[in-house]
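Naming convention: chains lettered A, B, ... in sequence-line order (proteins, then strands); numbering from 1 in each chain.
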Amino acid sequence: MHELGRYLLDSFLGTLTDVLPIVLVILCFQLLVIRRRIPNLRRTVLGFVYVIIGLSLFLVGLEEALFPLGEAMAKQLTDPAFIYAGIEAIGGAVRWQDYYWIYLFAAAIGFATTVAEPSLIAVAIKANEVSGGVIRPWGLRTAVALGVAFGIALGTYRIVTGTPLQYYIIAGYVLVLVQTIFAPRMIIALAYDSGGVTTSTVTVPLVTALGLGLASTIPGRSVLVDGFGLIAFASLFPMITVMGYAQLSEWQARRGHKSENP
Amino acid sequence: MKTSSGLLRAFMESTRDLLPIVIVVAFFQIAVLRQPFPELLDLLTGLFLVILGLTLFVQGLEMGLFPIGESMAYAFARKGSVSWLLAFAFLLGFGTTVAEPALIAVTKKAAQVAAEGGFIHHGEVAREGYADGLRYTVAFSVGLAIVIGVLRILRGWPLHYLIIGGYCGVVIMTLFAPPEIVGIAYDSGGVTTSTITVPLVTALGVGLASSIKGRNPMVDGFGLIAFASLMPMIFVMIYGAII
């Protein structure tokens, strides 16, 4: 418990130094350029206090509970003893299919951490507000989380097979471009944004541990070159799924409309 | 002010948000790895802190971060001073990125890669110099990204042309950058947008788009984050190619 107290203090100070530059920039401009009182000053300050305390608690909890376990898991799942246990018995060579537990873990942890990502929650709340309730927070978050799940699973497959990262990313970009032409205009900006917000506090440490663990286990992979790139997958695929989600709901609405007026 | 029942509901929502992680971790621990949970009490304490923290964060978001982002957007729009707005946009992007812990971690890794690849000397000083240079490059690129994003909202440029242009930049730079840096460059796009920056920048964009005539907050308000994750990729590769 004593250690927990120290963690809390560390995390609180860390969050504070993170917020400080933002508060300084806001204060400077508010006082020198805008020269107007901040509306609801007390409420706003209280909100900032909530954000700082909340984020510190969140980070401490993650570091206490989830990160050690998740990282240990990534290590165990990528351990040769675990992967090759079943294969040596048959006496065959290792194929990419033999890593199925890793793909599954990658997808599951990608989905689960994205759902809990605070910045995605923020964007989902805002999108719901701005769209007048048309874009449901939970629907958007599920679409993004599915994208991350697929992206990270594909990213681990890339590390296992050792194919160049660029091909996947460029192919993904081409798909994004094609979808941009056909997707409803309303969703495009939000879809682009959702790529960037998925990867922060919760997702990055766990996914990085998985990538580095995997790259260090598989023969012929360099940790420094192949271990990276999972985050890029995690920010690319949500764009595709969010636009896909919008296209699907538009298509359904159109079909429903047609069957009503034959 | 929220009543206690509102807080309780917020707490339940955070619990629901965390549930998938609990299920995934429990499933893999019990069914796949077949191991007992180490230090279950610590685990539960940690989980409780995470849920409590998330609840407070979401409350603070709606009370502090969103309103201040929007009220500043309105104030700038009323004042009509584009240069001050752009200065604010740049500082917001630069200031929030330069001290970001995730970015510091990534730049250290990148310096290690560069040293192993033989681009810079092995040695503490050379590596630190490389890492710092990279960090300022990324922070500058995020500041620039927010400036371009704000200009786009003001002028009403279509987002997808700019993003497509940016992607072409990424693809072209991929050809010229040393292959060792490419993975890190791609990842650096994802790590720059922190949990506090995202709500502020989103509120700023939406606030600007709703206070300027002829802009739709849904179509024009979003997109700032997209720039902030695209630009660093290009700049990190330029940095890797030059040095």
What part of [X] lies closer than 4.5 angstrom to a heavy atom of chain A: side chain, backbone, both or neither?
X: Val170(B); result: side chain
X: Val219(B); result: both
X: Val24(B); result: side chain
X: Ile163(B); result: side chain
X: Val25(B); result: both
X: Leu224(B); result: backbone
X: Ala87(B); result: both
X: Glu13(B); result: neither
X: Phe27(B); result: side chain

Determine, stepwise, if the pair Val58(B) / Ile125(A) fulfils side chain to side chain contact (heavy atoms under 4.5 Å, CB included). CA-CA 10 Å; Val58(B) 172; Ile125(A) 291 173; 4.1 Å; yes

Using heavy-atom distances under 4.5 Å, tell me whether [X] contacts chain B through its side chain, its backbone, both, or neither.
X: Val202(A); answer: side chain
X: Gln30(A); answer: both
X: Ala127(A); answer: both
X: Ile135(A); answer: side chain
X: Ile170(A); answer: side chain
X: Leu177(A); answer: side chain
X: Thr113(A); answer: both
X: Leu69(A); answer: side chain
X: Val176(A); answer: side chain
X: Leu24(A); answer: neither

Kindly give the heavy-atom pair with the smallest separation between [X] and [Y], and that separation in Å.
X: Tyr50(A); Y: Leu56(B); result: CB-O, 3.7 Å
X: Ala232(A); Y: Tyr186(B); result: CB-CB, 3.5 Å
X: Phe48(A); Y: Ile68(B); result: CE1-CG2, 3.9 Å
X: Pro21(A); Y: Gly95(B); result: CB-O, 3.6 Å
X: Met218(B); Y: Ala189(A); result: O-CB, 4.3 Å
X: Ala65(A); Y: Asp42(B); result: CB-O, 4.3 Å

How about OH on Tyr161(B), more than 12 heavy atoms from neighbouring residues, nucleotides or ligands closer than 6.0 Å, or not? no

In terms of heavy-atom contacts, does CZ of Arg185(A) have more than 12 from other residues, nucleotides or ligands at under 6.0 Å?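 Atom CZ in Arg185(A) is not packed in, count stays at 12 or less.
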
From [X] [atom1] over to [Y] [atom2], what is the distance, rounded to the nearest 0.5 angstrom?
X: Phe58(A); Y: Leu18(B); atom1: CZ; atom2: CG; answer: 6.5 Å
X: Leu104(A); Y: Phe28(B); atom1: CG; atom2: CZ; answer: 4.5 Å
X: Gln76(A); Y: Gln29(B); atom1: CD; atom2: CD; answer: 6.5 Å
X: Ile21(B); Y: Ile109(A); atom1: CD1; atom2: CD1; answer: 6.5 Å
X: Thr174(B); Y: Tyr167(A); atom1: OG1; atom2: OH; answer: 11.5 Å
X: Phe57(B); Y: Ile52(A); atom1: CZ; atom2: CD1; answer: 11.0 Å

Distance-only, no hydrogens or angles: does the Lys79(B) side chain make a donor-acceptor pair with backbone N or O of Val33(A) under 3.5 Å? yes

Picking from Val198(B), Asp17(B), Thr195(B), what satisfies side-chain contact (heavy atoms from CB on, under 4.5 Å) with Ile121(A)? Asp17(B)

Could you go step by step and tell me if Leu47(B) and Leu66(A) meet the side chain to side chain contact (heavy atoms under 4.5 Å, CB included) rule? CA-CA 8 Å; Leu47(B) 208 59; Leu66(A) 287 169; 4.2 Å; yes

Top residue by heavy-atom pair count (under 4.5 Å) with chain B, among [options]?
options: Lys126(A), Glu117(A), Glu63(A); result: Lys126(A)
options: Ala191(A), Pro164(A), Gly47(A), Gly195(A); result: Gly47(A)
options: Ile181(A), Thr44(A), Val60(A); result: Thr44(A)
options: Ala72(A), Ser119(A), Ser194(A); result: Ser119(A)
options: Ile53(A), Ile169(A), Thr180(A), Val19(A); result: Ile169(A)
options: Ser235(A), Pro68(A), Ala108(A); result: Ala108(A)

Which one wins on heavy-atom pair count under 4.5 Å against chain A: Val98(B), Leu52(B), Leu65(B)? Leu65(B)

So which of Leu19(B), Thr202(B), Leu54(B) has the biggest tally of heavy-atom pairs under 4.5 Å with chain A?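 The option with the most such pairs is Leu54(B).
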
Do Phe222(B) and Val123(A) come close enough that some side-chain heavy atom pair is under 4.5 Å?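 Yes, side chains in contact.
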
Parallel, tilted or perpendicular: which describes the rings of Tyr173(A) and Tyr167(B), with under 30° parallel and over 60° perpendicular? parallel

